[in-house]
There are 2 protein chains.
Amino acid sequence: MSTPNVSGAASPPTGATAASRVFDALKQDLIRGRFAAGEKLAIGSLKTRYQVGLSPLREALNRLAAYGLLEQVNQRGFRVPPLRLDELDDIADLRSQLECMALTQAFQNGDAEWESLLLAAHHRLRRADERPQEVEEWEQAHLRFHRTLLAPCGSPWLLRFIEQLHDQFDRYRRLAPPNPEVREVLDRQHGELVQLAMERRIEQARALLDEHIGLSHGVARGACSAS
Amino acid sequence: MSTPNVSGAASPPTGATAASRVFDALKQDLIRGRFAAGEKLAIGSLKTRYQVGLSPLREALNRLAAYGLLEQVNQRGFRVPPLRLDELDDIADLRSQLECMALTQAFQNGDAEWESLLLAAHHRLRRADERPQEVEEWEQAHLRFHRTLLAPCGSPWLLRFIEQLHDQFDRYRRLAPPNPEVREVLDRQHGELVQLAMERRIEQARALLDEHIGLSHGVARGACSAS
DNA sequence: GATTTCCGAAAAATCGATTTTTTAAAAAAC
DNA sequence: GTTTTTTAAAAAATCGATTTTTCGGAAATC
(Lines give C-alpha, C1' and ligand atoms only; values in the text may rest on other atoms or scores of the structure.)
Protein backbone atom coordinates (compact mmCIF):
# COMPACT_ATOMS: atom_id res chain seq x y z
CA MET A 1 0.00 0.00 0.00
CA SER A 2 1.35 3.42 -0.93
CA THR A 3 1.30 6.50 1.25
CA PRO A 4 -2.14 6.72 2.81
CA ASN A 5 -3.98 9.83 1.87
CA VAL A 6 -5.31 11.83 4.74
CA SER A 7 -6.84 14.63 2.69
CA GLY A 8 -10.38 14.85 1.40
CA ALA A 9 -11.25 13.35 -1.96
CA ALA A 10 -9.52 11.20 -4.55
CA SER A 11 -6.02 12.47 -4.55
CA PRO A 12 -2.88 13.29 -6.52
CA PRO A 13 -0.17 12.23 -4.08
CA THR A 14 2.76 13.09 -6.33
CA GLY A 15 3.48 16.16 -8.41
CA ALA A 16 0.11 17.87 -8.41
CA THR A 17 -0.13 20.20 -11.36
CA ALA A 18 -2.09 23.42 -11.28
CA ALA A 19 -4.65 21.84 -13.59
CA SER A 20 -5.23 18.85 -11.32
CA ARG A 21 -5.42 21.03 -8.23
CA VAL A 22 -8.05 23.26 -9.80
CA PHE A 23 -9.86 20.19 -11.04
CA ASP A 24 -10.10 18.77 -7.53
CA ALA A 25 -11.09 22.06 -5.94
CA LEU A 26 -13.66 22.89 -8.59
CA LYS A 27 -15.10 19.39 -8.47
CA GLN A 28 -15.61 19.64 -4.73
CA ASP A 29 -17.13 23.08 -5.02
CA LEU A 30 -19.56 21.83 -7.66
CA ILE A 31 -20.62 18.82 -5.59
CA ARG A 32 -20.92 20.96 -2.49
CA GLY A 33 -23.22 23.34 -4.35
CA ARG A 34 -20.96 26.37 -4.07
CA PHE A 35 -22.21 27.49 -7.48
CA ALA A 36 -25.82 28.10 -8.37
CA ALA A 37 -27.41 25.44 -10.55
CA GLY A 38 -27.56 26.63 -14.14
CA GLU A 39 -25.02 29.35 -13.46
CA LYS A 40 -22.70 30.44 -16.20
CA LEU A 41 -19.11 30.20 -15.03
CA ALA A 42 -17.12 33.37 -15.63
CA ILE A 43 -13.65 32.16 -16.44
CA GLY A 44 -12.11 35.44 -15.43
CA SER A 45 -13.45 35.25 -11.88
CA LEU A 46 -12.49 31.57 -11.61
CA LYS A 47 -8.94 32.58 -12.38
CA THR A 48 -8.99 34.86 -9.36
CA ARG A 49 -10.86 32.41 -7.17
CA TYR A 50 -8.47 29.52 -7.72
CA GLN A 51 -5.35 31.57 -8.34
CA VAL A 52 -4.31 30.00 -11.63
CA GLY A 53 -3.78 31.02 -15.21
CA LEU A 54 -6.06 30.37 -18.13
CA SER A 55 -4.46 27.18 -19.45
CA PRO A 56 -4.67 24.98 -16.36
CA LEU A 57 -8.10 26.39 -15.57
CA ARG A 58 -9.47 25.56 -18.99
CA GLU A 59 -7.97 22.08 -18.83
CA ALA A 60 -9.74 21.48 -15.54
CA LEU A 61 -13.03 22.76 -16.95
CA ASN A 62 -12.70 20.46 -19.95
CA ARG A 63 -12.14 17.46 -17.70
CA LEU A 64 -15.14 18.32 -15.57
CA ALA A 65 -17.33 18.70 -18.65
CA ALA A 66 -16.21 15.28 -19.92
CA TYR A 67 -17.00 13.90 -16.46
CA GLY A 68 -20.48 15.37 -16.47
CA LEU A 69 -20.20 17.94 -13.71
CA LEU A 70 -20.25 20.82 -16.18
CA GLU A 71 -22.01 21.57 -19.42
CA GLN A 72 -19.92 22.87 -22.25
CA VAL A 73 -21.26 24.66 -25.32
CA ASN A 74 -18.79 25.30 -28.01
CA GLN A 75 -18.32 29.03 -28.30
CA ARG A 76 -20.07 30.02 -25.11
CA GLY A 77 -18.15 28.50 -22.30
CA PHE A 78 -19.15 26.41 -19.33
CA ARG A 79 -22.18 26.34 -17.06
CA VAL A 80 -23.30 24.42 -14.01
CA PRO A 81 -25.91 21.83 -15.00
CA PRO A 82 -29.41 22.72 -13.80
CA LEU A 83 -31.09 20.52 -11.19
CA ARG A 84 -33.75 18.46 -12.90
CA LEU A 85 -36.05 16.09 -11.10
CA ASP A 86 -36.17 13.64 -13.97
CA GLU A 87 -32.39 13.52 -14.11
CA LEU A 88 -32.14 12.91 -10.38
CA ASP A 89 -34.59 10.04 -10.73
CA ASP A 90 -32.48 8.61 -13.53
CA ILE A 91 -29.29 8.94 -11.49
CA ALA A 92 -30.83 7.39 -8.38
CA ASP A 93 -32.46 4.47 -10.20
CA LEU A 94 -29.31 3.63 -12.07
CA ARG A 95 -27.26 4.00 -8.93
CA SER A 96 -29.45 1.45 -7.20
CA GLN A 97 -29.10 -1.01 -10.04
CA LEU A 98 -25.35 -0.67 -10.40
CA GLU A 99 -24.62 -0.69 -6.68
CA CYS A 100 -26.71 -3.81 -6.20
CA MET A 101 -24.75 -5.49 -8.98
CA ALA A 102 -21.50 -4.48 -7.37
CA LEU A 103 -22.70 -5.55 -3.93
CA THR A 104 -23.43 -9.05 -5.14
CA GLN A 105 -19.95 -9.39 -6.58
CA ALA A 106 -18.37 -7.82 -3.51
CA PHE A 107 -20.10 -10.39 -1.29
CA GLN A 108 -18.60 -13.15 -3.42
CA ASN A 109 -15.10 -11.75 -3.60
CA GLY A 110 -14.77 -10.04 -0.24
CA ASP A 111 -12.41 -11.72 2.22
CA ALA A 112 -11.53 -11.24 5.88
CA GLU A 113 -9.37 -8.25 5.02
CA TRP A 114 -12.39 -6.60 3.41
CA GLU A 115 -14.56 -7.36 6.41
CA SER A 116 -12.14 -5.62 8.73
CA LEU A 117 -11.80 -2.63 6.41
CA LEU A 118 -15.57 -2.39 6.28
CA LEU A 119 -15.85 -2.53 10.06
CA ALA A 120 -13.21 0.17 10.31
CA ALA A 121 -14.95 2.39 7.77
CA HIS A 122 -18.22 1.94 9.59
CA HIS A 123 -16.62 2.82 12.88
CA ARG A 124 -15.24 6.05 11.47
CA LEU A 125 -18.65 6.85 10.04
CA ARG A 126 -20.30 6.38 13.42
CA ARG A 127 -17.70 8.62 15.00
CA ALA A 128 -18.47 11.24 12.42
CA ASP A 129 -22.19 10.82 13.13
CA GLU A 130 -21.50 12.01 16.65
CA ARG A 131 -20.10 15.36 15.48
CA PRO A 132 -22.85 16.85 13.33
CA GLN A 133 -21.04 20.18 13.11
CA GLU A 134 -18.15 18.64 11.14
CA VAL A 135 -20.13 18.13 7.95
CA GLU A 136 -17.18 17.53 5.65
CA GLU A 137 -15.75 14.95 8.00
CA TRP A 138 -18.99 13.03 7.85
CA GLU A 139 -19.27 13.39 4.09
CA GLN A 140 -15.82 11.95 3.65
CA ALA A 141 -16.43 9.06 6.03
CA HIS A 142 -19.75 8.35 4.35
CA LEU A 143 -18.24 8.31 0.87
CA ARG A 144 -15.48 5.99 2.06
CA PHE A 145 -17.92 3.65 3.71
CA HIS A 146 -19.86 3.15 0.51
CA ARG A 147 -16.65 2.80 -1.48
CA THR A 148 -15.33 0.18 0.90
CA LEU A 149 -18.57 -1.76 0.77
CA LEU A 150 -18.35 -2.23 -2.99
CA ALA A 151 -14.58 -2.15 -3.46
CA PRO A 152 -13.98 -5.89 -3.90
CA CYS A 153 -16.61 -6.27 -6.65
CA GLY A 154 -13.82 -6.87 -9.14
CA SER A 155 -15.03 -4.55 -11.88
CA PRO A 156 -13.05 -1.30 -12.22
CA TRP A 157 -15.48 0.05 -14.81
CA LEU A 158 -18.50 -0.65 -12.66
CA LEU A 159 -16.83 1.11 -9.73
CA ARG A 160 -15.97 4.03 -11.98
CA PHE A 161 -19.56 4.51 -13.07
CA ILE A 162 -20.85 4.14 -9.54
CA GLU A 163 -18.41 6.81 -8.36
CA GLN A 164 -19.56 9.11 -11.14
CA LEU A 165 -23.22 8.60 -10.28
CA HIS A 166 -22.45 9.10 -6.62
CA ASP A 167 -20.88 12.48 -7.37
CA GLN A 168 -23.91 13.46 -9.42
CA PHE A 169 -26.29 12.26 -6.75
CA ASP A 170 -24.45 14.07 -3.97
CA ARG A 171 -24.80 17.38 -5.75
CA TYR A 172 -28.56 17.07 -5.35
CA ARG A 173 -28.50 15.55 -1.88
CA ARG A 174 -26.25 18.22 -0.42
CA LEU A 175 -28.41 20.96 -1.78
CA ALA A 176 -31.64 19.50 -0.40
CA PRO A 177 -32.99 20.53 3.01
CA PRO A 178 -31.89 18.02 5.65
CA ASN A 179 -34.38 15.59 7.14
CA PRO A 180 -33.28 14.42 10.62
CA GLU A 181 -35.80 11.58 10.82
CA VAL A 182 -34.71 10.05 7.53
CA ARG A 183 -31.11 10.72 8.37
CA GLU A 184 -31.45 8.65 11.49
CA VAL A 185 -32.83 5.73 9.52
CA LEU A 186 -30.05 6.06 6.94
CA ASP A 187 -27.43 6.00 9.67
CA ARG A 188 -28.93 2.86 11.14
CA GLN A 189 -28.94 1.17 7.75
CA HIS A 190 -25.18 1.54 7.47
CA GLY A 191 -24.77 -0.71 10.48
CA GLU A 192 -27.32 -3.17 9.15
CA LEU A 193 -25.45 -3.29 5.85
CA VAL A 194 -22.26 -4.19 7.68
CA GLN A 195 -24.08 -6.93 9.57
CA LEU A 196 -25.56 -8.40 6.39
CA ALA A 197 -22.17 -8.16 4.70
CA MET A 198 -20.51 -10.16 7.44
CA GLU A 199 -23.10 -12.88 7.04
CA ARG A 200 -23.16 -12.61 3.24
CA ARG A 201 -26.93 -12.36 3.17
CA ILE A 202 -26.99 -11.03 -0.32
CA GLU A 203 -30.73 -10.83 -0.97
CA GLN A 204 -31.48 -8.92 2.19
CA ALA A 205 -28.45 -6.72 1.66
CA ARG A 206 -29.54 -5.86 -1.87
CA ALA A 207 -33.01 -4.98 -0.68
CA LEU A 208 -31.59 -2.83 2.08
CA LEU A 209 -29.12 -1.03 -0.18
CA ASP A 210 -31.93 -0.37 -2.62
CA GLU A 211 -34.08 1.03 0.16
CA HIS A 212 -31.12 3.06 1.45
CA ILE A 213 -30.59 4.75 -1.89
CA GLY A 214 -34.33 5.16 -2.32
CA LEU A 215 -34.66 6.97 1.01
CA SER A 216 -31.75 9.23 0.24
CA HIS A 217 -33.29 9.81 -3.16
CA GLY A 218 -36.46 11.03 -1.50
CA VAL A 219 -34.47 13.54 0.53
CA ALA A 220 -32.42 14.64 -2.47
CA ARG A 221 -35.57 15.38 -4.40
CA GLY A 222 -35.99 18.37 -2.13
CA ALA A 223 -33.23 20.07 -4.10
CA CYS A 224 -35.43 20.37 -7.16
CA SER A 225 -38.03 23.05 -7.60
CA ALA A 226 -39.81 21.92 -10.76
CA SER A 227 -39.12 19.10 -13.18
CA MET B 1 -35.70 17.10 -34.73
CA SER B 2 -32.72 19.25 -35.56
CA THR B 3 -30.53 18.99 -38.63
CA PRO B 4 -29.71 15.33 -39.13
CA ASN B 5 -26.03 14.61 -39.00
CA VAL B 6 -24.61 12.79 -41.98
CA SER B 7 -21.01 12.73 -40.83
CA GLY B 8 -19.28 10.00 -38.87
CA ALA B 9 -19.40 10.04 -35.11
CA ALA B 10 -21.17 12.10 -32.46
CA SER B 11 -21.09 15.57 -33.84
CA PRO B 12 -20.71 19.29 -33.16
CA PRO B 13 -23.15 20.74 -35.70
CA THR B 14 -22.59 24.38 -34.79
CA GLY B 15 -19.43 26.35 -34.24
CA ALA B 16 -16.86 23.60 -33.97
CA THR B 17 -13.86 24.85 -32.04
CA ALA B 18 -10.34 23.65 -32.71
CA ALA B 19 -10.43 21.78 -29.40
CA SER B 20 -13.63 19.89 -30.26
CA ARG B 21 -12.39 19.05 -33.75
CA VAL B 22 -9.17 17.59 -32.40
CA PHE B 23 -11.14 15.78 -29.75
CA ASP B 24 -13.32 14.08 -32.36
CA ALA B 25 -10.41 13.24 -34.65
CA LEU B 26 -8.21 11.95 -31.87
CA LYS B 27 -11.05 9.92 -30.41
CA GLN B 28 -11.66 8.20 -33.71
CA ASP B 29 -7.97 7.56 -34.21
CA LEU B 30 -7.72 6.00 -30.79
CA ILE B 31 -10.74 3.74 -31.32
CA ARG B 32 -9.49 2.79 -34.77
CA GLY B 33 -6.16 1.77 -33.31
CA ARG B 34 -4.09 4.33 -35.19
CA PHE B 35 -1.80 4.57 -32.17
CA ALA B 36 0.05 1.69 -30.61
CA ALA B 37 -1.37 0.45 -27.32
CA GLY B 38 0.71 1.76 -24.45
CA GLU B 39 2.31 4.39 -26.67
CA LYS B 40 3.37 7.68 -25.17
CA LEU B 41 1.80 10.53 -27.10
CA ALA B 42 4.32 13.16 -28.18
CA ILE B 43 2.40 16.41 -27.96
CA GLY B 44 4.72 18.07 -30.42
CA SER B 45 3.98 15.61 -33.18
CA LEU B 46 0.26 15.68 -32.43
CA LYS B 47 0.38 19.42 -33.03
CA THR B 48 1.67 18.77 -36.53
CA ARG B 49 -0.63 15.82 -37.15
CA TYR B 50 -3.83 17.68 -36.29
CA GLN B 51 -2.66 21.14 -37.29
CA VAL B 52 -3.54 22.94 -34.06
CA GLY B 53 -1.80 24.84 -31.34
CA LEU B 54 -0.99 23.62 -27.87
CA SER B 55 -4.01 24.95 -26.01
CA PRO B 56 -6.83 23.29 -27.98
CA LEU B 57 -4.75 20.11 -28.27
CA ARG B 58 -4.20 19.88 -24.53
CA GLU B 59 -7.87 20.55 -23.88
CA ALA B 60 -8.80 17.67 -26.17
CA LEU B 61 -6.30 15.37 -24.47
CA ASN B 62 -7.71 16.29 -21.07
CA ARG B 63 -11.24 15.45 -22.20
CA LEU B 64 -10.14 12.12 -23.62
CA ALA B 65 -8.34 11.24 -20.41
CA ALA B 66 -11.45 12.04 -18.39
CA TYR B 67 -13.43 9.88 -20.81
CA GLY B 68 -11.06 6.96 -20.38
CA LEU B 69 -9.51 6.75 -23.83
CA LEU B 70 -6.20 8.10 -22.57
CA GLU B 71 -4.15 7.73 -19.43
CA GLN B 72 -2.80 10.89 -17.88
CA VAL B 73 0.04 11.03 -15.37
CA ASN B 74 0.64 14.34 -13.83
CA GLN B 75 4.01 15.62 -14.96
CA ARG B 76 4.59 13.11 -17.71
CA GLY B 77 1.87 13.60 -20.23
CA PHE B 78 -0.55 11.26 -21.92
CA ARG B 79 -0.32 7.67 -23.12
CA VAL B 80 -2.58 5.24 -24.93
CA PRO B 81 -3.95 2.68 -22.47
CA PRO B 82 -2.45 -0.78 -22.91
CA LEU B 83 -4.68 -3.63 -24.06
CA ARG B 84 -5.34 -5.90 -21.12
CA LEU B 85 -7.32 -9.08 -21.33
CA ASP B 86 -8.78 -8.67 -17.88
CA GLU B 87 -9.94 -5.17 -18.71
CA LEU B 88 -11.58 -6.33 -21.93
CA ASP B 89 -13.41 -9.02 -19.97
CA ASP B 90 -14.59 -6.38 -17.52
CA ILE B 91 -15.76 -4.10 -20.32
CA ALA B 92 -17.56 -6.87 -22.18
CA ASP B 93 -19.29 -8.30 -19.11
CA LEU B 94 -20.48 -4.91 -17.95
CA ARG B 95 -21.56 -4.02 -21.47
CA SER B 96 -23.74 -7.13 -21.57
CA GLN B 97 -25.34 -6.30 -18.27
CA LEU B 98 -26.02 -2.66 -19.04
CA GLU B 99 -27.24 -3.27 -22.58
CA CYS B 100 -29.64 -5.96 -21.39
CA MET B 101 -31.01 -3.51 -18.83
CA ALA B 102 -31.45 -0.89 -21.49
CA LEU B 103 -32.99 -3.38 -23.91
CA THR B 104 -35.68 -4.30 -21.42
CA GLN B 105 -36.61 -0.67 -20.93
CA ALA B 106 -36.45 0.03 -24.65
CA PHE B 107 -38.90 -2.80 -25.32
CA GLN B 108 -41.31 -1.23 -22.84
CA ASN B 109 -40.98 2.34 -24.09
CA GLY B 110 -40.40 1.80 -27.80
CA ASP B 111 -43.27 2.83 -30.06
CA ALA B 112 -44.05 2.48 -33.76
CA GLU B 113 -41.68 5.31 -34.58
CA TRP B 114 -38.88 3.39 -32.90
CA GLU B 115 -39.76 0.23 -34.77
CA SER B 116 -39.45 1.99 -38.08
CA LEU B 117 -36.19 3.67 -37.12
CA LEU B 118 -34.85 0.29 -36.09
CA LEU B 119 -35.90 -1.30 -39.37
CA ALA B 120 -34.23 1.56 -41.23
CA ALA B 121 -31.02 1.26 -39.23
CA HIS B 122 -30.98 -2.47 -39.85
CA HIS B 123 -31.53 -1.96 -43.54
CA ARG B 124 -28.56 0.38 -43.76
CA LEU B 125 -26.46 -2.11 -41.83
CA ARG B 126 -27.33 -4.90 -44.27
CA ARG B 127 -26.44 -2.63 -47.16
CA ALA B 128 -23.10 -1.94 -45.52
CA ASP B 129 -22.61 -5.68 -45.03
CA GLU B 130 -22.63 -6.03 -48.77
CA ARG B 131 -19.66 -3.72 -49.26
CA PRO B 132 -16.92 -5.21 -47.09
CA GLN B 133 -14.31 -2.85 -48.53
CA GLU B 134 -16.03 0.21 -47.00
CA VAL B 135 -15.10 -0.62 -43.43
CA GLU B 136 -15.88 2.78 -41.94
CA GLU B 137 -19.31 2.81 -43.55
CA TRP B 138 -20.10 -0.49 -41.89
CA GLU B 139 -18.68 0.59 -38.55
CA GLN B 140 -20.88 3.66 -38.58
CA ALA B 141 -24.01 1.74 -39.55
CA HIS B 142 -23.25 -0.88 -36.91
CA LEU B 143 -22.81 1.71 -34.18
CA ARG B 144 -26.04 3.39 -35.19
CA PHE B 145 -27.95 0.13 -35.21
CA HIS B 146 -26.99 -0.65 -31.66
CA ARG B 147 -27.70 2.93 -30.60
CA THR B 148 -31.13 2.84 -32.18
CA LEU B 149 -31.94 -0.48 -30.55
CA LEU B 150 -31.44 0.93 -27.05
CA ALA B 151 -32.33 4.58 -27.66
CA PRO B 152 -35.84 4.57 -26.13
CA CYS B 153 -34.67 3.04 -22.83
CA GLY B 154 -35.38 6.35 -21.12
CA SER B 155 -32.17 6.63 -19.12
CA PRO B 156 -29.66 9.15 -20.45
CA TRP B 157 -27.05 8.07 -17.94
CA LEU B 158 -27.37 4.42 -18.84
CA LEU B 159 -27.00 5.29 -22.52
CA ARG B 160 -23.99 7.40 -21.73
CA PHE B 161 -22.21 4.57 -19.94
CA ILE B 162 -23.11 2.11 -22.69
CA GLU B 163 -21.68 4.44 -25.29
CA GLN B 164 -18.51 4.79 -23.28
CA LEU B 165 -18.14 1.02 -22.90
CA HIS B 166 -18.87 0.56 -26.57
CA ASP B 167 -16.02 2.91 -27.48
CA GLN B 168 -13.69 1.01 -25.17
CA PHE B 169 -14.82 -2.33 -26.53
CA ASP B 170 -14.40 -1.25 -30.14
CA ARG B 171 -10.78 -0.33 -29.59
CA TYR B 172 -10.11 -3.99 -28.83
CA ARG B 173 -12.43 -5.42 -31.45
CA ARG B 174 -11.02 -3.35 -34.29
CA LEU B 175 -7.49 -4.34 -33.42
CA ALA B 176 -8.31 -8.06 -33.31
CA PRO B 177 -7.87 -10.29 -36.37
CA PRO B 178 -11.20 -10.66 -38.18
CA ASN B 179 -13.10 -13.93 -38.03
CA PRO B 180 -15.43 -14.33 -41.04
CA GLU B 181 -17.38 -17.25 -39.59
CA VAL B 182 -18.22 -15.42 -36.38
CA ARG B 183 -18.85 -12.25 -38.31
CA GLU B 184 -21.51 -14.03 -40.35
CA VAL B 185 -23.26 -15.17 -37.20
CA LEU B 186 -23.08 -11.68 -35.73
CA ASP B 187 -24.62 -10.21 -38.86
CA ARG B 188 -27.46 -12.70 -38.73
CA GLN B 189 -28.10 -11.87 -35.08
CA HIS B 190 -28.79 -8.24 -35.94
CA GLY B 191 -31.78 -9.34 -38.00
CA GLU B 192 -32.96 -11.67 -35.27
CA LEU B 193 -32.73 -8.85 -32.75
CA VAL B 194 -34.97 -6.71 -34.96
CA GLN B 195 -37.47 -9.53 -35.22
CA LEU B 196 -37.54 -10.09 -31.47
CA ALA B 197 -37.85 -6.35 -30.92
CA MET B 198 -40.91 -6.13 -33.14
CA GLU B 199 -42.56 -8.88 -31.16
CA ARG B 200 -41.26 -7.60 -27.81
CA ARG B 201 -39.93 -11.00 -26.84
CA ILE B 202 -37.77 -9.62 -24.13
CA GLU B 203 -36.32 -12.77 -22.62
CA GLN B 204 -35.19 -14.19 -25.92
CA ALA B 205 -33.89 -10.80 -27.00
CA ARG B 206 -31.84 -10.43 -23.83
CA ALA B 207 -30.36 -13.88 -24.29
CA LEU B 208 -29.53 -13.10 -27.90
CA LEU B 209 -27.97 -9.72 -27.13
CA ASP B 210 -25.91 -11.33 -24.41
CA GLU B 211 -24.73 -14.01 -26.83
CA HIS B 212 -24.08 -11.34 -29.46
CA ILE B 213 -21.78 -9.39 -27.19
CA GLY B 214 -20.22 -12.61 -25.94
CA LEU B 215 -19.33 -13.71 -29.47
CA SER B 216 -17.88 -10.33 -30.32
CA HIS B 217 -16.00 -10.47 -27.05
CA GLY B 218 -14.41 -13.73 -28.13
CA VAL B 219 -13.21 -12.12 -31.33
CA ALA B 220 -11.99 -9.00 -29.57
CA ARG B 221 -9.87 -11.11 -27.24
CA GLY B 222 -7.61 -11.68 -30.20
CA ALA B 223 -6.34 -8.13 -29.75
CA CYS B 224 -4.60 -9.04 -26.50
CA SER B 225 -1.25 -10.75 -26.34
CA ALA B 226 -0.99 -11.54 -22.65
CA SER B 227 -3.13 -10.61 -19.66
C1' DG C 1 -44.17 50.30 -33.08
C1' DA C 2 -41.72 46.34 -34.36
C1' DT C 3 -37.92 44.34 -36.71
C1' DT C 4 -33.41 44.40 -38.57
C1' DT C 5 -28.68 46.03 -38.92
C1' DC C 6 -24.70 47.77 -37.04
C1' DC C 7 -21.43 48.72 -33.89
C1' DG C 8 -18.49 48.25 -29.38
C1' DA C 9 -17.66 45.83 -25.20
C1' DA C 10 -17.09 41.36 -23.16
C1' DA C 11 -16.05 36.74 -23.27
C1' DA C 12 -14.12 32.51 -25.41
C1' DA C 13 -10.60 30.44 -27.86
C1' DT C 14 -6.12 30.23 -29.60
C1' DC C 15 -1.27 31.25 -30.20
C1' DG C 16 3.71 31.81 -29.09
C1' DA C 17 6.95 32.27 -25.54
C1' DT C 18 8.54 31.20 -20.87
C1' DT C 19 9.04 28.45 -16.85
C1' DT C 20 9.21 24.17 -14.56
C1' DT C 21 9.95 19.31 -14.35
C1' DT C 22 11.57 15.02 -16.08
C1' DT C 23 14.78 12.15 -18.46
C1' DA C 24 18.92 10.16 -19.72
C1' DA C 25 23.67 10.32 -20.30
C1' DA C 26 28.22 11.65 -18.61
C1' DA C 27 31.18 12.42 -14.81
C1' DA C 28 32.46 11.65 -10.17
C1' DA C 29 32.67 9.04 -6.00
C1' DC C 30 32.72 4.91 -3.50
C1' DG D 1 32.50 -2.33 -11.20
C1' DT D 2 28.68 -0.29 -9.19
C1' DT D 3 26.32 3.52 -7.34
C1' DT D 4 25.65 8.39 -6.88
C1' DT D 5 25.86 13.12 -8.55
C1' DT D 6 25.83 16.41 -12.06
C1' DT D 7 24.21 18.48 -16.10
C1' DA D 8 22.26 19.33 -20.60
C1' DA D 9 18.47 18.28 -23.53
C1' DA D 10 13.66 17.25 -23.98
C1' DA D 11 9.09 17.42 -22.63
C1' DA D 12 5.23 19.14 -19.83
C1' DA D 13 2.96 22.83 -17.89
C1' DT D 14 1.96 27.52 -17.46
C1' DC D 15 1.68 32.36 -18.59
C1' DG D 16 0.50 36.67 -21.12
C1' DA D 17 -0.96 38.51 -25.33
C1' DT D 18 -3.67 38.14 -29.57
C1' DT D 19 -7.46 36.68 -32.31
C1' DT D 20 -12.08 35.28 -32.91
C1' DT D 21 -16.77 35.00 -31.62
C1' DT D 22 -20.74 36.28 -28.96
C1' DC D 23 -23.77 39.49 -26.64
C1' DG D 24 -26.50 43.64 -25.96
C1' DG D 25 -27.81 48.12 -26.96
C1' DA D 26 -28.27 52.01 -30.28
C1' DA D 27 -29.35 53.42 -34.76
C1' DA D 28 -31.64 52.58 -38.99
C1' DT D 29 -35.25 50.54 -41.67
C1' DC D 30 -39.73 48.77 -42.62
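Each chain gets a letter, A, B and so on, in the order its sequence line appears, and its residues count up from 1.
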Would you find a donor on one side and an acceptor on the other, under 3.5 Å apart, between the side chain of B:Gln168 and the backbone of B:Gly68?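 Between the backbone of B:Gly68 and the side chain of B:Gln168 there is a qualifying donor-acceptor contact (under 3.5 Å).
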Using a 6.0 Å distance limit plus a 45 degree cone around the ring axis, check whether B:Lys27 lies over the aromatic ring of B:Tyr67. yes
Taking the six-membered ring of B:Trp138 (Phe, Tyr or Trp), confirm whether the NZ or CZ of B:Arg183 is under 6.0 Å from its centre and within 45° of its axis.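 Output yes; distance and angle both within limits.
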Determine whether the aromatic ring centres of residues B:His212 and B:His217 are separated by less than 6.0 angstrom. no
So, B:Arg221 and B:Asp89, do they make that salt bridge, N to O below 4.0 Å? yes
Is any NZ, NE, NH1 or NH2 atom of the basic residue among A:Glu136 and A:Arg174 found under 4.0 Å from an Asp or Glu carboxylate oxygen of the other?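 A salt bridge is present here (some side-chain N lies under 4.0 Å from a carboxylate O).
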Parallel, tilted or perpendicular, as decided by the 30° and 60° cut-offs, for the rings of B:His190 and B:His146: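 Perpendicular: the ring planes of B:His146 and B:His190 meet at over 60°.
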Just say parallel, tilted or perpendicular for the rings of A:His122 and A:Phe145, cut-offs at 30° and 60°. tilted
Rounded to whole Å, please give me the gap between [atom1] in [X] and [atom2] in [N].
X: B:Phe78; N: D:dA12; atom1: CZ; atom2: P; answer: 9 Å
X: A:Arg76; N: D:dT21; atom1: CZ; atom2: P; answer: 13 Å
X: A:Asn74; N: D:dT21; atom1: CG; atom2: P; answer: 12 Å

Report all interatomic pairs (protein N or O, nucleotide N or O of nucleotides 15-19 of chain C) with separations under 3.5 Å.
from, atom 1, to, atom 2, distance (Å)
C:dC15, OP2, B:Gly53, N, 2.8
C:dC15, N4, B:Ser55, OG, 2.8

Closest approach of A:Ala176 to A:Gly222 (non-hydrogen atoms, all atoms of both residues): CB-C, 4.0 Å
Close residues, residues 38-46 of chain B, relative to DNA chain C [heavy-atom separation under 4.0 Å]: none
Please list, in numerical order, the residues of residues 57-72 of chain A that have a heavy atom closer than 4.0 Å to any atom of DNA chain C. A:Arg58
Less than 3.5 Å apart, any donor N or O on the side chain of A:Glu87 or B:Trp157 sitting next to an acceptor on the other?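 Yes, side-chain donor-acceptor contact under 3.5 Å.
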